[in-house]
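First the structure, in the form of structure tokens, and then the observations on it.
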Amino acid sequence: MQLDDLYRRVIMDHYKNPRNRGTFEKDETVTIDLNNPTCGDKISLQMQVEDDKVKAAKFVGEGCSISMASASMMTDAVKGRSLSEALDMAEKFSALMKGEDVSFDEYEDLDALSGVNKFPARIKCATLAWNALKKGIEHSKEG
Ligand code: FES
């Protein structure tokens with residue numbers, strides 16, 4: 001199988017079977033609502049933060065396959081990590097979107113989004129969830 005095909009499959013799997021989709025019944029520490037200004041698609045991210053750690057994250061939203069797959073991966077990837085580790089991951093993801101040669105040994109599915117940087121219009125799709133994460137981390141630190 002070609003790498004592109006493998007990556008497409010990983011993205012479609014997250015899109016069709018999103019991890020952590022939904023909302024918490026209680027105990028969410030922070031909720032961030034963001035939209036992609038270029039298309040109006042939106043995401044609402046909730047995180048449970050305890051002792052500077054992302055205990056869990058969930059999302060709901062409407063968007064293209066790239067944005068929803070990215071949200072699914074992100075919420076899975078940051079689970080159990082400290083806020084600074086989660087922020088490092090967000091920075092690494094930004095670097096990936098800029099075309100830098102990074103890979104995610106800590107959550108390999110994210111590598112499937114590496115092709116997105118060739119399509120400038122899609123970068124905003126892929127980064128929507130990560131921008132919500134960055135805001136969520138900021139709010140958690142303030143709170
Ligand atoms: Fe709207 Fe991708 S087209 S988030």
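Scope of the values below: all heavy atoms of this structure, side chains included, with no hydrogens, waters or symmetry mates. Atoms within each ligand, like the ligands themselves, are counted from 1 in listed order. This is a predicted model, so every value here is computed, not measured.
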Using a strict threshold of under 4.0 Å (side-chain N to carboxylate O), is an ion pair present between Asp33 and Lys135? no

Test your reading of the model: is there a side-chain donor-acceptor pair from Lys92 to the backbone of Ser103, 3.5 Å cut-off? yes

Let me know which protein residues bring a heavy atom to under 4.0 Å of ligand 1; chain then number is fine for ordering. Asn36, Cys39, Asp41, Cys64, Ser67, Cys125

What's the verdict on side-chain contact (heavy atoms from CB on, under 4.5 Å) for Val54 and Leu83, showing C-alpha distance, side-chain angles and the deciding distance? CA-CA 6 Å; Val54 183; Leu83 291 178; 4.0 Å; yes

Would you check, one step at a time, whether the test side-chain hydrogen bond (donor to acceptor under 3.5 Å, both in side chains) holds for Ser94 with Trp130? CA-CA 9 Å; Ser94 299; Trp130 293 87; over 6 Å; no

Determine whether Met12 and Val10 fall in the same hydrophobic cluster, where Ile, Leu, Val, Met, Phe, Trp and Tyr are linked whenever their side-chain heavy atoms lie under 4.5 Å apart. yes

Who are the ring pair (Phe, Tyr, Trp, His ring centres under 6.0 Å) partners of Phe59, not counting sequence neighbours? none

